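Encoded as C-alpha cells, the structure appears first; notes follow it.
No experiment lies behind these values; they were computed from the predicted model shown. Heavy atoms only: backbone and side chains are in, while hydrogens, waters and symmetry mates are out.
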Amino acid sequence: MAYQEGYEEDIDLAEEIDLLANEFTGVDEDLEEEALQDQMQLQLMLQQQYAQEIPEVVKNFIIYFHRNILENNVYELHGIYENSFNRLTEKFYAKTPWPEADYIAPMVNDDQVFLTLYRELYYRHIYSKLSPTIEHRFHSYENYCDLFNFILNSDGPVSLELPNQWLWDIIDEFIYQFQSFCNYRNRLKNKTDEEIALLRENIQVWSCYSVLNVLYSLITKSRITEQLLVSKHGGDMIEAAGEYGSRPLYKMLGYFSIIGLLRVHCLLGDYTLALKMMDNIELNKKALFARVTACHVTTYYYVGFAYMMMRRYADAIRAFSHILVFIARTKMYHTRSYQFDQINKKGDQMYALLAVCIALCPTRLDESIHTHLKEKYGDHSSKMQRGEEGLQTFEDLFLYACPKFISPNGPNFDDPNALTQTIEPHHHHAKIFLSEVRHQILIPTLRSYLRLYTTMGIDKLAAFLEIEAEELRTQLLIVKQKSRQQKWISGTLLEGEYVTTSDLDFCLKQDMIHIAESKVGRRYGDWFLRNINKFQDILAGMNLRS
C-alpha cells in the first residue's frame with residue numbers, strides 16, 4: 001500500500017495545461033513556450049543567486065555528504081550525521097533554517113534520494129530549533145511519505161545504507177512529528193480560518209492510520225519478527241531474513257519500528273498492546289536497541305511507563321532502575337552526544353516516575369539510585385505519604401513525567417464548541433491514574449501503624465486513624481489486595497506470576513490484626529565495590545602528582 005496520500009484535491013499539472021490550451025486556442029504556442037522558458041530561467045537564476053549566498057564550507061559539506069551517500073560509506077556518514085551537521089548548524093543555522101532542498105539541488109545533480117534525506121534533516125532542524133508552520137508540518141509529512149515509498153515500494157531492495165543512529169532518529173522523529181501534529185490539530189482556539197480550512201480539507205495528513213501503516217509495513221517487509229523469533233530459539237537471524245531483511249537498512253528500520261509501535265501504543269493509551277509488541281525482544285545488553293543509546297533509553301522508559309499504568313509497580317521499578325543505573329554509568333560519554341540534553345531530561349522524568357512507583361509499592365533500590373532519588377525527589381516522596389494532601393504531588397509528578405498523549409481522532413470541525421475547546425489527552429490519563437492512587441491513599445499511614453505492633457485490635461487502629469471499624473476492614477482488604485501484584489519472572493513482558501511485593505504481611509482473626517514483618521537484608525556488596533573504586537581513583541591521582 002502506498003503511503004503518499006497527498007492532499008484531497010491534488011492538481012494534475014498536465015490536465016490543467018490541456019484545459020488552458022483548449023480554452024485559449026488563439027494563443028500562439030511559440031509565445032507560451034517562450035514564457036515557460038523565461039520562467040524556468042528566472043527560477044534557475046534565483047537558485048544560483050541563493051546558492052551564492054550559501055557559505056563555501058556548507059557547499060563543500062553538502063557535496064561531501066552527497067558523495068558518501070552515493071558510496072554507502074556508513075563510517076563517514078556516521079561522523080557527518082552526528083558531528084559535522086550539528087557543528088555547522090550551531091555555526092550558521094542556529095536561528096534560521098538550512099537552505100531549502102531546491103536551492104542545493106544543482107550541487108547534487110538533482111539526486112532525489114539525497115534531497116529526500118536532506119529534507120528529513122531540514123524539517124527536523126525546524127522542529128528542533130525553530131517553530132514549524134502548518135506548511136512545514138504538511139511538507140514534512142509528504143517528505144516522509146516519499147522516503148518510505150522509496151524504501152518500501154521500489155522494485156526490490158534499495159541500495160542505500162545509513163548509520164543505525166540515523167535510522168533510529170528517522171523513526172523517532174516520524175513519531176514525534178505525528179505526536180506534535182495531533183496536539184497542534186486539537187488546539188483550534190487561536191488558529192486562523194485559513195489554518196482551520198487546511199486542517200479540515202487534509203484530514204489524511206498525519207493520520208493515525210497512515211503512521212501505523214508505515215510502521216507495520218516496515219516490520220512486515222523486513223521480516224524482523226520472524227528473525228527475532230529464530231534468534232530467540234538459538235538460530236541464525238539470516239535464516240529468516242529473506243531478500244529485504246538481509247539488508248541492514250530494512251532490518252534496523254523494521255526493528256526500530258517495533259520500538260516505535262511500543263511508543264505509539266503508549267501514546268494512544270493501549271498499554272497491553274504496547275508491551276505485546278515486545279514479545280520477541282529480550283530486555284538485555286545484547287539486544288539490538290542497546291546499539292543506539294537514545295533507543296535504549298526510550299525502550300525502557302515506555303516499558304516502565306506501560307507497567308506503571310497496568311499497576312505492575314514492581315516491574316516498572318525494575319525497568320526504571322535498570323536504565324537509570326545505565327545512564328549514570330555512561331554519563332561521561334553522553335556529554336559528547338548531541339542528544340545529551342534529551343537523555344538527561346528523560347532520566348529526570350524516569351526518576352519522577354520511580355518516586356511515584358516507590359510511593360505506591362515500597363521497594364529497596366540500588367544504593368546510587370536511592371541516593372539520587374532522595375536528592376531529586378526527597379520532598380515529593382514525603383508529601384506522597386500524607387494521604388489526601390499528597391494527591392496534588394502525585395498529579396504534578398505524573399504530568400511532568402508522562403509522555404505527551406495523543407487523541408487518535410481530530411476535533412469535530414462542524415461543531416462550533418470544538419473551535420473554542422482544547423482536547424488535552426494527558427489530563428484524561430492523569431485522571432485515570434489518580435483514581436487508582438485514591439484507592440490506596442491510606443496505605444502508607446496504615447503501614448506506618450502496623451509496623452509498630454505484632455498484634456493490634458481493630459477498634460484501636462480505627463481510633464488512631466479516626467475512621468469507623470467497618471471502613472478500616474475495607475481498607476485492610478485493599479492493603480492486602482494491593483500488596484499482591486503480577487510480577488515478571490520469565491517469558492514475554494506481559495507474562496508474570498502473582499506474588500506478594502510487600503515486606504509487611506498480616507491476617508485478621510475476628511477483631512484482632514496479627515502482623516508479621518519480613519526484614520530484607522541490606523546488600524553491602526555494591527557499597528563496598530563503589531568505595532573501593534573511589535579509593536583506587538584517589539590513589540591513582542596521588543601517584544600521578546608524586
Side-chain angles (χ1 to χ4, degrees), residues 74 151-152 156-158 161-165 167-168 170-172 175 212-266 270-308 310 312 314-323 325-326 485-499:
V74 177
I151 291 169
L152 290 165
V158 299
E161 289 186 37
L162 298 174
N164 287 340
Q165 180 69 60
L167 294 175
W168 161 251
I170 286 172
I171 298 295
D172 186 56
I175 296 168
L212 290 172
N213 192 17
V214 165
L215 297 174
Y216 277 110
S217 296
L218 287 168
I219 290 169
T220 305
K221 189 70 104 176
S222 64
R223 291 180 56 83
I224 191 64
T225 305
E226 293 82 354
Q227 291 189 61
L228 289 169
L229 199 58
V230 168
S231 175
K232 201 173 179 180
H233 293 101
D236 188 354
M237 291 177 80
I238 201 71
E239 295 170 12
E243 184 186 8
Y244 288 87
S246 56
R247 303 290 185 97
L249 176 82
Y250 289 90
K251 177 184 173 181
M252 295 312 294
L253 278 176
Y255 186 87
F256 290 143
S257 292
I258 294 176
I259 309 299
L261 283 168
L262 163 71
R263 177 180 173 183
V264 171
H265 290 309
C266 276
D270 192 342
Y271 307 109
T272 302
L273 187 54
L275 292 181
K276 182 73 179 167
M277 294 309 305
M278 301 290 288
D279 273 358
N280 295 314
I281 294 180
E282 296 181 28
L283 296 185
N284 57 41
K285 293 175 185 175
K286 294 179 182 177
L288 292 176
F289 62 71
R291 296 181 184 180
V292 179
T293 302
C295 180
H296 193 175
V297 172
T298 298
T299 302
Y300 274 93
Y301 170 79
Y302 284 102
V303 165
F305 187 80
Y307 273 139
M308 187 183 89
M310 293 171 73
R312 293 176 62 169
D315 288 329
I317 290 166
R318 179 174 53 84
F320 292 139
S321 298
H322 173 90
I323 196 63
V325 167
F326 169 80
Q485 290 176 29
Q486 192 178 4
K487 189 177 180 181
W488 182 86
I489 305 296
S490 62
T492 65
L493 296 183
L494 284 171
E495 293 175 14
E497 297 176 14
Y498 277 95
V499 296

Less than 4.5 Å apart, side chain to side chain, heavy atoms only: is that true for [X] and [Y]?
| X | Y | result |
| --- | --- | --- |
| T299 | I281 | no |
| S246 | K251 | no |
| L261 | Y216 | yes |
| R312 | W488 | yes |

All pairs passing salt bridge (charged side-chain N to carboxylate O under 4.0 Å, His left out) where residues 213-230 contributes a residue, at least two apart: none

Contact list for residues 253-266, test salt bridge (charged side-chain N to carboxylate O under 4.0 Å, His left out), sequence neighbours left out: D172-R263

How would you list, by chain and number, every residue that makes a side-chain contact (heavy atoms from CB on, under 4.5 Å) with [X], sequence neighbours excluded?
| X | answer |
| --- | --- |
| S257 | I171, L215, L218, I219 |
| A290 | H296 |
| E495 | T492 |
| S231 | M237 |

Drop me the distance from [X]'s [atom1] to [Y]'s [atom2], to the nearest 0.5 angstrom.
| X | Y | atom1 | atom2 | answer |
| --- | --- | --- | --- | --- |
| L493 | L275 | CG | CG | 5.5 Å |
| K487 | Q485 | NZ | CD | 9.0 Å |
| E161 | L249 | CD | CG | 8.0 Å |
| L283 | M278 | CG | CE | 5.0 Å |
| M252 | N164 | CE | CG | 4.0 Å |
| L288 | Y255 | CG | OH | 4.5 Å |

For F256, ring pair (Phe, Tyr, Trp, His ring centres under 6.0 Å) partners two or more places apart: W168

Report the residues that fulfil ring pair (Phe, Tyr, Trp, His ring centres under 6.0 Å) with Y250, sequence neighbours left out, ordered by chain and then residue number. Y244

Can you name the closest pair of heavy atoms from [X] and [Y] and give their distance?
| X | Y | value |
| --- | --- | --- |
| V303 | A319 | CG1-CB, 4.4 Å |
| I259 | C295 | CG1-SG, 4.1 Å |
| S222 | Q227 | O-NE2, 2.9 Å |
| L494 | Q486 | O-NE2, 3.4 Å |
| E282 | F289 | O-CE2, 4.0 Å |

Tell me, please, which residues at least two apart from K276 pass salt bridge (charged side-chain N to carboxylate O under 4.0 Å, His left out). D279

With sequence neighbours excluded, residues passing salt bridge (charged side-chain N to carboxylate O under 4.0 Å, His left out) with R318: D315

Evaluation steps, side-chain contact (heavy atoms from CB on, under 4.5 Å), between I317 and Y307: CA-CA 9 Å; I317 290 166; Y307 273 139; over 6 Å; no

When you look at T272 and D270, which way does the side-chain contact (heavy atoms from CB on, under 4.5 Å) test go after all the steps? CA-CA 6 Å; T272 302; D270 192 342; 4.2 Å; yes

Y300: side chain to side chain donor-acceptor pair (under 3.5 Å) partners, not counting sequence neighbours: H322

